[in-house]
Novice: 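Take a look at the following structure, please.
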Amino acid sequence: MVLMSGKTVVGELNPSVTKGMDRTDQIEMLDSCTFKITCQYTALEDMETARINLDFVHKSASDYWMIPSVSYNGNNWGRGKEPKGAQQNGKWRTYSYRSTPIPGATYSEGTRFAVAMWSDVPQNEKESISCSLMPDRETTTHRLIWPEEEMPVMYAARDRYKPGYQKQEKLSKGETVTLTAYLSVCDVQPHHYAMHNFLHEAWERADKQGTAIYPPAKIWELGLRYAKEYLWTEEGAFSGFTIGFSPDKSGEWSKRKGYEIGWCGQNASFANSLLFDYIKHNNKESLDKGVATLDAWAKLCRLPNGLFITNYDRISGQRSQIDNVVIDACNLGTAALNYFEATELVKACGLEKPDYESLAFGICDFVRNDQQDNGVYGRGWYPNGECFYREGTIGCFMVPPMLEAFTRSKDSTYLSSATRAYDHYVSELKTKGYSTAGALDTWCIDKESSISLLRSALKLYNLTSNKEYLDDAVAVSYYLSTWLWHYNGVYPENDNFTQYNYKTFGATSVSVQHHHLDPYALFWVPEWFELTKLTGDSQWKEKAIAIWHNGCQLISDGTLVINGRVRPVGSQNEAYLQSHWNWDAAPHFDRLNSWLVAWPGAFRLETLRKLDAIDAPQIQ
C-alpha cells in the first residue's frame, strides 16, 4: 500500500506477520494530514509464538527524528550513557510503548514531508506493544510491534542496561489481534514546527480520563503542613526547609539533610508561599517561618561579588570548603526571581526588607557582567566568579529574573542582556529540536530546561507585544508536550499503580537519561493558563488542568499507607516508574518510590499562589 502526494511517493505501508496468519486492513482519512489504519490479524492455526510488525516506510532519509521523551535525533548531546543513536551494535532499538507519552509514537522529518505514527492505548497486558524508528540512508521506517519487546538491550536504570526481552504470546486458531496506527503526514516546516500538527491531533485523541483529587484549599493546607511540621529545620544560625524524607535502614522515615534554595529543596518558594498564607489567612506562624527562611539565606549565603550560595548544607560548618562549591544557574535564577517576589510579599505583610531586592539585583548584575558575546550565561559558577561550564539551556533560568530586574529598574542593560541570552537559547531549541541540562542530576536532553524558555517568551511578549515571542511560547509548549503523558496506562491488578489508583495521564517524563514520570510540570501550569488566554487555543488550559490533576494524586493526609509505610501529612513521592525502569539495587519493584522530596509540594503551593487559586474552582 503506497501513499502518494500528487506524483510523489511519500511512503509504503508494510505490515508483516509470522507465517500462519491472515490480515485485513481498513484505512480511514481523518483529515487532510491524518489517517487511521486498522489492521486485524487472524491466526489460521494454533501458534506457540506470533509476532507482528506494522511499518510505514517513509521514502526519505531523515534530517531530524524523535521518539518523544526517549530519543531526540539520537541523544547525541550530553555526557550520560542513555541510548545513543537508533541502533545498538548494528540492530535497531525497540522501546515499550510505556516509555512514550503518546503510545508507540515516532516522528521524523525528511526532505519534503514530516511523518508521525502512533497507536491506540493497549487495554491489557496481552495487547502491549512496542515501537521503533529506523532512520536509514534513503528511508525512514516507523514501526509498531506486537507483542511488546525492548531489544537488543533494555535501558533499565540511569546509565544501566539489561539484556533485551521479547514477550511471547500464544494464539489459538481463529483468534485475532488488532493493531491501530494513526499516521500523520504534512510538509516539513522550519524550526521543526511540523511536529505541531501531529501533537495537536494526538491531544485531540488523547485518553483524557481525570482522577479525583483534593480541592485547592485542602491541597494548600496539606502543603503548608508538610513544610512547617516536617521539613522545617533550625540549625544554628540557619532556618529553612530540609530537602525531604526517605526510609532509613529500619524502615522509618528519616529527614535527609540538605538545604537548597530552589530545584529539589525550594526554600525560597516555600518561604514566599508562607508569606502569601499570612496575607490570605493572617497565619502568624507562616509569616515568622517565611521571613526567618529568607533572612537566613540572605545573611549566610550572599557573596560580595553578587553570587549566592544555593546549597547551604555544602558550606555549613565548613566555610573553608566554599571554593569548590558550584553555584548552578537553575538555583541561582530561582533565588533571584523569588527574592524579587518576596520584596513585594513582605511589603504586603507590613514589613520592609530592602536587602531582598538588592540581593536579587546582585545576582543579575553578576550574571549580566559575566555574559558571553554570543549571549550565553553559564551552567554554573564557583564562588570566586569563575564559570564552571557554559553550555546547556540551563543558563536560560537567569533570563526571567533579568527581565524582572529590567521591569523594576527600567535599566535597559538588563533587557538587552536578557534578550541576547534568550535569542541564543531559543535558537538552539529551534535548530536542534530539544533543550538540555535543566535537571541537575543529569547531563542530557530534558524537559526542565525549557520551562525558562516558556516563561521568558511570555515575559518578553508582555513587555514588547512582539508576536514572535508568543509564537516561540507556543513552539516551546509543543516541545514540552513531547514529555506529557496523553493516556492512562493499564497495569495488572497487583501492580502499585492499580493498587493505589495512580493515573499516568498528565504526568511528564524526566529526561532521556531518566525514563520515569514525575509531577514537575506543575511548575508551568500558570504559563499554560496564560497561553490559552493569549492564543485562544484551549489545549493549553486542558493540558494545564491534566497536569494539575496528575500532580495532586496520592498526597498524604497523614493516614495514607503506601507499600507498608504511613506517609507524613502533606508528603508525596517524587518518581512514578511507568515503564520497565527499575533500579538494580531495589529489593523489589515498587512503581511508587519512597523519596518524599520537598519540591512537588512547593510547586503546588507556588502554582496556587500565582493563580491566586486557593479557593478557585477553575483549577479543580
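Everything numeric in this text was worked out from a predicted model, so none of it was measured.
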Novice: Is there a donor-acceptor contact under 3.5 Å from the side chain of Asp590 to the main chain of Asn593?
Specialist: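 The answer is no, because no donor-acceptor pair under 3.5 Å joins these two groups.
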Novice: Do the side chains of Tyr161 and Met154 get nearer than 4.5 Å, heavy atoms only?
Specialist: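 They are not in side-chain contact.
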Novice: How would you list, by chain and number, every residue that makes a ring pair (Phe, Tyr, Trp, His ring centres under 6.0 Å) with Tyr461, sequence neighbours excluded?
Specialist: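 Residues passing ring pair (Phe, Tyr, Trp, His ring centres under 6.0 Å) with Tyr461: none at all.
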Novice: Let's go through Ser184 and Asn197 carefully: what are the C-alpha distance in whole Å and the side-chain angles of both, what is the deciding distance for side-chain hydrogen bond (donor to acceptor under 3.5 Å, both in side chains) to 0.1 Å, and is it a yes or a no?
Specialist: CA-CA 8 Å; Ser184 171; Asn197 179 76; 3.0 Å; yes
Novice: Applying side-chain hydrogen bond (donor to acceptor under 3.5 Å, both in side chains) to Lys447 and Ser511, what does each step give before you reach the verdict?
Specialist: CA-CA 6 Å; Lys447 69 170 187 296; Ser511 68; over 6 Å; no
Novice: Keeping the roles fixed (side chain from Asn75, backbone from Lys84), state whether a donor-acceptor pair exists under 3.5 Å.
Specialist: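 Looks like no, no N/O pair under 3.5 Å.
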Novice: Hydrogens and angles aside, do Asp159 and Gln513 bring a side-chain donor and acceptor to less than 3.5 Å of each other?
Specialist: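 Side-chain D/A pair, Asp159 to Gln513: present.
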Novice: Ignoring hydrogens, what is the shortest heavy-atom contact between Phe529 and Ile545? Give both atom names and the distance.
Specialist: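 Heavy-atom minimum between the residues: CZ-CG1, 4.0 Å.
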Novice: What do the steps show when you test Glu175 against Lys126 for salt bridge (charged side-chain N to carboxylate O under 4.0 Å, His left out), and what is the final call?
Specialist: CA-CA 13 Å; Glu175 191 172 359; Lys126 189 167 185 175; 2.9 Å; yes
Novice: Could you tell me if the side chain of His516 sits less than 4.5 Å from the side chain of Ser579, heavy atoms only?
Specialist: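 SC-SC contact between Ser579 and His516 ruled out.
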Novice: If you measure from CH2 on Trp203 to NE2 on His200, what distance do you get to the nearest 0.5 Å?
Specialist: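 Reported to 0.5 Å precision, the distance equals 11.0 Å.
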Novice: Do Phe198 and Tyr107 have ring centres separated by under 6.0 Å?
Specialist: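 Phe198 vs Tyr107: aromatic centres under 6.0 Å.
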Novice: With rounding to the nearest 0.5 Å, note down the distance linking CD1 in Ile555 to CZ in Arg604.
Specialist: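 So the gap between those two atoms works out to 3.5 Å.
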Novice: Tell me, with the steps shown, if Ile52 and Thr18 meet side chain to side chain contact (heavy atoms under 4.5 Å, CB included).
Specialist: CA-CA 7 Å; Ile52 298 169; Thr18 303; over 6 Å; no
Novice: As an exercise, state the distance from CD of Gln539 to CG of Leu531, rounded to the nearest 0.5 Å.
Specialist: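 With rounding to 0.5 Å, CD (Gln539) is 8.5 Å from CG (Leu531).
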Novice: Examine the side chains of Ser449 and Ser435 and answer whether a donor and an acceptor come within less than 3.5 Å of each other.
Specialist: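 Yes.
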Novice: Side chain of Asn73, backbone of Met66: donor and acceptor closer than 3.5 Å?
Specialist: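 No, Asn73 side chain to Met66 backbone: no donor-acceptor pair under 3.5 Å.
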Novice: So which heavy atom on His514 is nearest to which on Ser509, and how close?
Specialist: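 Looking at all heavy atoms of both residues, the shortest contact is O-OG, 3.9 Å.
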Novice: Please say whether the positively charged group of Lys541, taken as NZ for Lys or CZ for Arg, lies over the ring of Trp528, i.e. under 6.0 angstrom from the six-membered ring centre and within 45 degrees of the axis.
Specialist: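 Output no; distance or angle outside limits.
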Novice: Can you tell me if Tyr64 uses its side chain to pair, donor with acceptor, with the backbone of Gly433 under 3.5 Å?
Specialist: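 Here the side-chain-to-backbone pair exists.
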Novice: Quick one: side chains of residues 110-119, donor-acceptor pairs under 3.5 Å with protein atoms, not counting sequence neighbours, listed by atom name and distance.
Specialist:
from   : atom 1 : to     : atom 2 : distance (Å)
Thr111 : OG1    : Ser60  : OG     : 3.3
Arg112 : NH1    : Thr8   : OG1    : 3.3
Ser119 : OG     : Pro103 : O      : 3.4

Novice: Quick one: closest heavy-atom pair of Gly551 and Pro519, and the distance?
Specialist: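 Here Gly551 and Pro519 meet closest at CA-CB, 3.8 Å.
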Novice: Can you check whether Leu577's main-chain N or O pairs, donor with acceptor, with Arg591's side chain at less than 3.5 Å?
Specialist: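 Yes, Arg591 side chain to Leu577 backbone: donor-acceptor pair under 3.5 Å.
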Novice: Distance to the ring centre below 6.0 angstrom and angle to the axis at most 45 degrees; does that hold for Arg93 and Tyr155?
Specialist: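 So Arg93 doesn't make the cation-pi contact.
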Novice: Indicate yes or no: does Lys162 engage Glu150 in a salt bridge with an N to O separation below 4.0 Å.
Specialist: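 No, no charged N to carboxylate O under 4.0 Å.
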Novice: Spell out, as yes or no, whether a donor-acceptor pair under 3.5 Å connects the side chain of Asp446 to the backbone of Ala439.
Specialist: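 Side chain of Asp446 to backbone of Ala439, a donor-acceptor pair under 3.5 Å: yes, one is there.
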Novice: Check step by step if ring pair (Phe, Tyr, Trp, His ring centres under 6.0 Å) holds for Trp483 and Tyr72.
Specialist: CA-CA 11 Å; Trp483 301 89; Tyr72 293 78; 5.1 Å; yes
Novice: Output, in order, the C-alpha distance, side-chain angles, deciding distance and verdict of side-chain hydrogen bond (donor to acceptor under 3.5 Å, both in side chains) for Glu148 and His580.
Specialist: CA-CA 11 Å; Glu148 185 182 24; His580 299 288; 3.0 Å; yes
Novice: Any chance the side chains of Tyr500 and Asp495 put a donor and an acceptor closer than 3.5 Å?
Specialist: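 Short answer, no.
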Novice: Quick one: which residue pairs count as a salt bridge (Lys or Arg N to Asp or Glu O under 4.0 Å) with a foot in residues 128-146, not counting sequence neighbours?
Specialist: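 Residue pairs with at least one partner in residues 128-146: Asp55-Arg143.
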Novice: Taking atom NZ of Lys81 as the centre, does the number of heavy atoms from other residues, nucleotides or ligands within less than 6.0 Å exceed 12?
Specialist: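 Counting neighbours around NZ of Lys81, 12 or fewer heavy atoms of other residues, nucleotides or ligands fall under 6.0 Å, so no.
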Novice: So, the side chain of Thr607 versus the backbone of Leu522: is there a donor-acceptor pair under 3.5 Å, distance only?
Specialist: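 Flag set: sc Thr607 to bb Leu522 pair under 3.5 Å.
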Novice: Evaluate the side chain to side chain contact (heavy atoms under 4.5 Å, CB included) criterion for residues Leu429 and Val476: first the C-alpha distance (whole Å), next the side-chain angles of each, then the deciding distance (0.1 Å), finally the verdict.
Specialist: CA-CA 8 Å; Leu429 174 67; Val476 174; 3.7 Å; yes
Novice: Could you tell me whether the side chain of Arg158 and the main chain of Glu82 form a donor-acceptor pair under 3.5 Å?
Specialist: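 Judged by distance alone, no pair lies under 3.5 Å.
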Novice: Could you name each residue pair satisfying side chain to side chain donor-acceptor pair (under 3.5 Å) that touches residues 29-39, not counting sequence neighbours?
Specialist: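 Sorted result for residues 29-39: Asp31-Thr34.
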Novice: Minimum heavy-atom separation for Tyr214 and Asp557, please, with both atom names.
Specialist: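 It is OH-CB, 3.5 Å.
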Novice: Enter the distance from Thr532:OG1 to Glu527:CD here, rounded to the nearest 0.5 Å.
Specialist: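 Result: 12.0 Å between the selected atoms.
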Novice: Can you tell me which residue pairs pass the salt bridge (Lys or Arg N to Asp or Glu O under 4.0 Å) test with a partner in residues 37-52, sequence neighbours excluded?
Specialist: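 Found Glu48-Lys170, Arg51-Glu149.
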Novice: Under a 3.5 Å distance rule, please check whether Glu530 uses its side chain to pair with a backbone N or O of Pro526 as donor and acceptor.
Specialist: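 Pair absent, no side-chain N/O of Glu530 close to backbone of Pro526.
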Novice: Angle class for the Tyr487/Trp485 ring planes (parallel below 30°, perpendicular above 60°, tilted otherwise)?
Specialist: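 Tyr487 and Trp485: tilted rings.
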Novice: Will you find, in the side chains of Ser132 and Thr94, an N or O donor that is under 3.5 Å from an N or O acceptor?
Specialist: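 No, no side-chain donor-acceptor contact under 3.5 Å.
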Novice: If you round to the nearest 0.5 Å, how far is OG1 of Thr100 from OH of Tyr95?
Specialist: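 Spacing of OH (Tyr95) from OG1 (Thr100) equals 11.5 Å.
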Novice: Would you say the side-chain atoms of Tyr576 and Asn496 include a donor-acceptor pair closer than 3.5 Å?
Specialist: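 Distance-only check fails for Tyr576 and Asn496.
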Novice: Do His549 and Thr211 have side-chain atoms, one donor and one acceptor, less than 3.5 Å apart?
Specialist: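 No, no side-chain donor-acceptor pair sits under 3.5 Å.
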Novice: Under 3.5 Å, side chain of Ser571 to main-chain N/O of Arg567, donor-acceptor pair present?
Specialist: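 Between the backbone of Arg567 and the side chain of Ser571 there is no qualifying donor-acceptor contact (under 3.5 Å).
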Novice: State, yes or no, whether a side-chain contact exists between Asn53 and Asn14 at a heavy-atom distance under 4.5 Å.
Specialist: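 Asn53 does not reach Asn14 side chain to side chain.
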Novice: For Ala507 and Leu517, work out which heavy atoms get closest and say how close.
Specialist: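 Reported closest heavy-atom pair: CB-CD1, 3.7 Å.
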Novice: If the condition is salt bridge (charged side-chain N to carboxylate O under 4.0 Å, His left out), which residues does Glu169 pass it with, not counting sequence neighbours?
Specialist: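 Glu169 satisfies salt bridge (charged side-chain N to carboxylate O under 4.0 Å, His left out) with no other residue.
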Novice: So which heavy atom on Ile213 is nearest to which on Gln553, and how close?
Specialist: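 Looking at all heavy atoms of both residues, the closest pair is CG2-N, 4.3 Å.
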Novice: Could you walk me through whether Glu574 and Trp599 pass the side-chain hydrogen bond (donor to acceptor under 3.5 Å, both in side chains) check?
Specialist: CA-CA 8 Å; Glu574 177 185 54; Trp599 67 261; 2.8 Å; yes
Novice: How long is the span from the CG atom in Leu199 to the OG atom in Ser477, to the nearest 0.5 Å?
Specialist: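 That separation rounds to 11.5 Å.
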